Chemist: 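One structure is given below, represented as structure tokens, and several questions about it will come after.
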Amino acid sequence: MRWFEYSAFLVTVVLLARPISFYLMRVFCGQKTFLDPVCRPVEAQLYRWLGVDPKREMTAAEYFLCFLAFGMLSTAFLFLILMFQRWLPGGPDASYLTTPMTADLAANIAVSFATTTTWQAYAGESTLKYFTQVFGLAVQNFLAGAAGLAVGLAFIRGFVREGSATLGNFWVDLVRSLLWVLIPLSWIGGLFLVWQGVPLNLSAYIQAHTREGSVQTIAQGPVAVLELIKNLGTNGGGFYNANGAHPYENPTPLTNFVEMLAIAVIPAAFPVLFGRMVGRPRAGWLLLALMVVLFVAGLVICDRAESAEPRRLADLAVVGGNMEGKETRFGVGGSVLAGVVTSNGATGSYNSMHGSYHPIGVLVLLVNMLLGELVFGGLGTGLYSLLMIALVAVFLGGLMVGRSPEYVGKTIGPTEAKLVAFYALITPLVVLPLAGWAVASTEGRAGLVTNDGVRGFTEIVFAYASCMANNGQNMAGLNANSAFYNITTILAMMAGRFVLAALALELAGRFARQGRKAETIGTLPSDTITFGILVLGTVLLIGALSFLPVLALGPIAEYLKTAPGV
Amino acid sequence: MTASDETASEVDRAGEPLALSATRSNSTDPRSHPMTRSRWRKQLRPALLSVPLLSIVTGLIFPIALAVPARLFFPGQSRGSLIVRDGEVVGSRLIGQSSKRPGDFHPRPSAAGGGYDALASGGTNLGPANPKLRDGASDDPATPTVDESFAGVRQLASEFRLENGLPTTFPVPIDAVTRSGSGLDPHISVANATLQIARVARERKLSQERVRRLVQEYTFGPQLGFLGSARVSVLELNLALDDLALAVSSPSPASP
């Protein structure tokens, strides 16, 4: 049954990649779509109010600075809402909001939601007002997701264009992402989720009089507003503390399936869109095939680890897979699927507690994030996560055949090679020192309130890997609501969002200015299985060189420690 | 704005494939685009206005557009799938609730607050090798205000066997002795429910067959036949048992 669910998911994602890429291409090339009668007038009015000339294009630097300014202003706006939320009207009653909104927590939430990380150092039901959840967080789920999509498009244009100084207009891409893609899908998906049981109300927390005569206070809220876009925008921040495990956020196995599809379908369509736009559809499908291979590998390993009976409980005659921290309705299958999809999709909307996963299960999730979210990945940003590594492979391949390395007709000269190499180095350069600092400092170790030893070390590495990948899932045994974690994770989130985008856009700008080289027999073809294997090898090589030591000290050490006979 | 600037923007008319129209013909050296102050100032207004304006679109118009049909077509679900008995909310169909009485089906152990606290969703986050998960923890007498006691899997498993009259080495379904991710899991596995049938039937003086039929009624198979796991809804099942007891004790007036 689990394997049927996994296969159904993959088949749906791959089958949808083609139609979605067609639709995206029409939207962002300004061709006719069925939503035009509604969206065109709104779009034109928004441009008038914003003072945007949609015909005016931007250079890579301008595009990036608009993206950066938008992210920073979003952060500032959300920070103000958070700091002033206690004076804002609406529910729930202030007596339930027991987590104090400190400045460092507010800054952490603001950066986290404006960078699509949505790492949560707080519990929604005891920290935030409904107003903040909707007008602060749901809004950022939309805006930050759309901004990521825009950057992904600009990146594609760099490969498409020849002798062009520009990559498109950030504001146009942003508005079109929202009006044509994110808002309509979130509306239909949101209605579907309400039908399945996700609440949408502004009621006070309900006092239920239980059968045993006690009172159960049930947190309510406009959950459905946030629920679909948090996945579609690859954000992942839950309305409640338990995120996708909470029955109100994810009431049925079907909602789980749909929420996971929402994470993966657009990022999976992006390589296909890339292939179509550069006129090399096979190269695009090859990138998608690479994603599927890496996805399946992670899924199989994680499934084996979680479906086995927990070794430490073997002598207690307890039967079944590792259900600690997992919901009955999803079982091991729905939980593992969500774990692997969210860790690949830069989305933190886990539906089971990764802190209770088998060490090898944790290893899979951690590796997915450390490799830089290159399977599906973040909305828009996922494509360049994979392509940057593919370019390293092109460079290596070019060295091997002794020609100047090219990819889809674009030459990787010395500067381009440096940008690509720098991109590949940033994740270890950010994650490892921050994790080292946390482990070495008292403030950092103070977060280990649940597990210690190697498990605690893994929790810390997991936290920074998640923030750097703009993922946001956590091993919640780590108490991260302290000034130390709130501030250090901000560094990782900013680097993961803006430094990586800056490098990707700069590279795209350089490619756009180039012409396109004709393919010759000396060219390394970019759409063959050989090339695919070269890219896979490069992914594993870079990953292993950067992270094998830290993985050996964390999940691998824990696995060996609990192995039988040790 | 320079002259080359003008021509570059002329070509990319909105409505044209932006990507394809920027061809070699309008090729310009990027250094001929001076980053003049006016060029940057043009981005100031959209930068400043975009966040509040788009916030209104996605944070006000969108929620209303979603809420109106949601409340209209799915009023029960949008209010939280509450179960009302005699004008009083007794719980939610989706949110688990603690029930410890021997005549009730018991839900999974919960890590939400003191157990099924729907204000504090969450799991234990204990790693599989953490000794606390297996062996539990006792209350620390040094901290009288906090209760550190925690029932480990070993204790939960022996309690489960004792309650349900099972031999000491009888295999226990793992969901009966582990805590869910939300702490609010409304379901238990079918195997777990089946082992509780004898106890519930005895306590409620019902035939096991009767209780078994009721369990089947509140068992949900994998959705669409392949999604998720088969499961039994505990609160709904217990309420149905209560209704059965009421029906037995006070026969309906229509019966002869």
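By convention in this document, chain letters (A, B, ...) are assigned in the order of the sequence lines, proteins followed by strands, and residues within each chain are numbered from 1. Here the structure is a predicted model, which is why all the values come from computation and not from measurement.
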Chemist: Hey, could you give me the OG1/CG distance between B:T178 and A:N322, rounded to the nearest 0.5 Å?
Modeler: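 It comes to 8.0 Å.
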Chemist: Rounded to the nearest 0.5 Å, how far does OH of A:Y559 lie from NE2 of A:H358?
Modeler: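 Taking NE2 in A:H358 and OH in A:Y559, the distance rounds to 6.0 Å.
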Chemist: A:Y357 versus chain B, heavy atoms under 4.5 Å apart: side chain, backbone, both or neither?
Modeler: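 It is the backbone, since no side chain atom gets that close.
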Chemist: Going by atom types alone, do B:D185 and A:T328 pair a side-chain donor with an acceptor below 3.5 Å?
Modeler: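 Checked: B:D185/A:T328 side chains pair up, N/O donor to acceptor below 3.5 Å.
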Chemist: Is chain B contacted by the side chain of A:S186, its backbone, both, or neither, given a heavy-atom distance below 4.5 Å?
Modeler: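 The answer is both parts of A:S186.
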Chemist: For B:A112, is it the side chain, the backbone, both or neither that has a heavy atom under 4.5 Å from a heavy atom of chain A?
Modeler: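 Nothing of B:A112, per the 4.5 Å heavy-atom cut-off to chain A.
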Chemist: Measure B:T169 against the heavy atoms of chain A and call it side chain, backbone, both or neither at under 4.5 Å.
Modeler: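 The backbone, not the side chain.
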Chemist: Flag the one option from A:E327, A:M353, A:R455 with the top tally of heavy-atom pairs under 4.5 Å to chain B.
Modeler: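 Winner by heavy-atom pair count: A:E327.
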Chemist: So for A:P222, is it side chain, backbone, both, or neither that comes closer than 4.5 Å to the heavy atoms of chain B?
Modeler: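 Neither the backbone nor the side chain of A:P222 comes within 4.5 Å of chain B.
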Chemist: Among B:S81, B:A129, B:G91, B:A176, who wins on heavy-atom pairs under 4.5 Å with chain A?
Modeler: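 Of the candidates given, the most pairs with chain A belong to B:A129.
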Chemist: Non-hydrogen atoms of chain B under 4.5 Å away: do they reach the side chain of A:A123, the backbone, both or neither?
Modeler: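 The answer is neither part of A:A123.
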Chemist: Measuring heavy-atom distances to chain A, does B:L119 have an atom under 4.5 Å in its side chain, in its backbone, in both, or in neither?
Modeler: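 Both backbone and side chain.
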Chemist: Measure A:E324 against the heavy atoms of chain B and call it side chain, backbone, both or neither at under 4.5 Å.
Modeler: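 Both parts, heavy atoms under 4.5 Å.
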Chemist: Give the member of B:S92, B:A157, B:S189, B:P222 that has the highest number of heavy-atom pairs under 4.5 Å with chain A.
Modeler: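 Of the options given, most contacts go to B:S92.
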Chemist: Check each atom of B:Q97 against the heavy atoms of chain A and say whether the ones under 4.5 Å are side chain, backbone, both or neither.
Modeler: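 For B:Q97, the contact with chain A is made by backbone and side chain together.
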Chemist: What part of B:F170 lies closer than 4.5 angstrom to a heavy atom of chain A: side chain, backbone, both or neither?
Modeler: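 Backbone only.
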Chemist: Let me see the working for B:L166 and B:L195 under side chain to side chain contact (heavy atoms under 4.5 Å, CB included), right down to the final yes or no.
Modeler: CA-CA 9 Å; B:L166 304 168; B:L195 291 176; 4.2 Å; yes
Chemist: Taking atom CG of B:L133 and atom CG of A:L313, what is their separation to the nearest 0.5 Å?
Modeler: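 Answer for the CG-CG pair, B:L133 versus A:L313, is 6.0 Å.
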Chemist: Counting heavy-atom pairs under 4.5 Å with chain A, which one of B:P186, B:G122, B:S50 comes out on top?
Modeler: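 Result: the option with the highest number of such pairs is B:S50.
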Chemist: Do you know which of B:L94, B:L66, B:N192 has the most heavy-atom pairs with chain A at a distance under 4.5 angstrom?
Modeler: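 With the most close heavy-atom pairs to chain A, the winner is B:L66.
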Chemist: Give me the ring orientation class for A:F77 and A:F135: parallel if the planes are under 30° apart, tilted from 30 to 60°, perpendicular past 60°.
Modeler: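 A:F77 and A:F135: tilted rings.
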Chemist: Classify the side-chain pair A:D53/A:Y47 by whether it contains a donor and acceptor separated by less than 3.5 Å.
Modeler: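 Per modelled atom types, A:D53 and A:Y47 side chains form no pair under 3.5 Å.
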Chemist: Mind checking the CZ-CZ spacing from A:R211 to B:R85? Nearest 0.5 Å is all I need.
Modeler: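 Answer for the CZ-CZ pair, A:R211 versus B:R85, is 9.5 Å.
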Chemist: Who wins among B:R154, B:R71, B:R108, B:R79 for the most heavy-atom pairs under 4.5 Å with chain A?
Modeler: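 Heavy-atom pair counts peak at B:R108.
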Chemist: Counting only non-hydrogen atoms closer than 4.5 Å, does B:T168 touch chain A with its backbone (N, CA, C, O), its side chain (CB onward), both, or neither?
Modeler: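 It is neither, since no heavy atom gets under 4.5 Å.
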Chemist: Most heavy-atom pairs under 4.5 angstrom with chain B, which of A:N451, A:N241, A:I183?
Modeler: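 Top count of heavy-atom pairs under 4.5 Å with chain B: A:N451.
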Chemist: Considering only heavy atoms, which portion of B:L224 lies under 4.5 Å from any heavy atom of chain A: side chain, backbone, both, or neither?
Modeler: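 Answer is side chain: those atoms of B:L224 sit under 4.5 Å from chain A.
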Chemist: Between chain B and each of A:G244, A:G320, A:P359, count heavy-atom pairs under 4.5 Å; write down the option with the most.
Modeler: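 When all of A:G244, A:G320, A:P359 are compared, A:G320 has the most.
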Chemist: Could you tell me which portion of A:L191 (side chain, backbone, both or neither) has an atom closer than 4.5 angstrom to a non-hydrogen atom of chain B?
Modeler: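 Both the backbone and the side chain of A:L191 come within 4.5 Å of chain B.
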Chemist: Side chain from CB out, backbone as N, CA, C, O: work out which of these in A:Y205 comes under 4.5 Å of a heavy atom of chain B, or both, or neither.
Modeler: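 The answer is the side chain of A:Y205.
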Chemist: Could you look at A:W195 and say if it's the side chain, the backbone, both or neither that has a heavy atom under 4.5 Å from chain B?
Modeler: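 When you check distances to chain B, atoms from both the backbone and side chain of A:W195 fall under 4.5 Å.
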Chemist: Side chain, backbone, both or neither: which part of B:L48 has an atom under 4.5 Å from a heavy atom of chain A?
Modeler: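 Interface part for B:L48: both.
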Chemist: Among B:V57, B:I56, B:D242, who wins on heavy-atom pairs under 4.5 Å with chain A?
Modeler: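 Option with the top pair count is B:D242.
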Chemist: Given heavy-atom pairs under 4.5 angstrom as the criterion, report whether the side chain, backbone, both or neither of A:L178 touches chain B.
Modeler: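 For A:L178, the contact with chain B is made by the side chain alone.
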Chemist: Could you tell me whether the side chains of A:T252 and A:Q196 share a donor-acceptor contact shorter than 3.5 Å?
Modeler: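 A donor-acceptor contact under 3.5 Å links the two side chains.
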Chemist: Just how far is it from atom OG of B:S180 to atom CG of A:N351, taken to the nearest 0.5 Å?
Modeler: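 Here the interatomic distance stands at 11.0 Å.
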Chemist: Is the positively charged end of B:R179 above the ring of B:F150, judged by distance under 6.0 angstrom from the centroid and angle within 45° of the axis?
Modeler: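 Yes - B:R179 lies over the ring of B:F150, closer than 6.0 Å to its centre and within 45° of its axis.
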Chemist: By a 4.5 Å heavy-atom criterion (distance strictly below it), what part of A:E249 contacts chain B: side chain, backbone, both, or neither?
Modeler: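 Neither part.
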Chemist: For chain B, which of A:P253, A:P251, A:G355 has the most heavy-atom pairs under 4.5 Å?
Modeler: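 Looking at each of A:P253, A:P251, A:G355 in turn, A:P253 comes out on top.
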Chemist: Just so I understand: if I count every heavy-atom pair under 4.5 Å between each of A:V52, A:L143, A:L179 and chain B, which residue has the most?
Modeler: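 That would be A:L143.
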Chemist: Using a cut-off of under 4.5 Å for heavy-atom pairs, which of A:A60, A:A138, A:G334, A:A219 has the most such pairs with chain B?
Modeler: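 Greatest number of close heavy-atom pairs with chain B: A:A219.
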Chemist: Any luck finding a side-chain donor-acceptor pair between A:E212 and B:S99 under 3.5 Å?
Modeler: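 No, no side-chain donor-acceptor pair sits under 3.5 Å.
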Chemist: Which bit of A:L174 comes within less than 4.5 Å of chain B, counting heavy atoms only: side chain, backbone, both or neither?
Modeler: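 Just its side chain gets close to chain B.
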Chemist: Could you walk me through whether B:L227 and A:N256 pass the side chain to side chain contact (heavy atoms under 4.5 Å, CB included) check?
Modeler: CA-CA 9 Å; B:L227 292 174; A:N256 187 46; over 6 Å; no
Chemist: So, taking the atom named NE2 in B:H187 and the one named CG in B:D175, what distance separates them when rounded to the nearest 0.5 Å?
Modeler: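 These two atoms lie 11.5 Å from each other.
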Chemist: Side chain, backbone, both or neither: which part of A:V319 has an atom under 4.5 Å from a heavy atom of chain B?
Modeler: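 Its backbone and side chain both get close to chain B.
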Chemist: If you measure only the distance, is there a donor-acceptor pair under 3.5 Å linking the side chains of A:E57 and A:T166?
Modeler: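 Per modelled atom types, A:E57 and A:T166 side chains form a pair under 3.5 Å.
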Chemist: Please state whether the side chain, the backbone, both or neither of A:F70 comes within less than 4.5 Å of a heavy atom of chain B.
Modeler: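 Both parts, heavy atoms under 4.5 Å.
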Chemist: Examine whether an atom of B:K132 lies under 4.5 Å from a heavy atom of chain A, and if so say whether it belongs to the side chain, the backbone or both; otherwise answer neither.
Modeler: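 Neither part; nothing is under 4.5 Å.
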Chemist: Give, as side chain, backbone, both or neither, the part of A:L193 having an atom under 4.5 angstrom from any heavy atom of chain B.
Modeler: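 It is neither, since no heavy atom gets under 4.5 Å.
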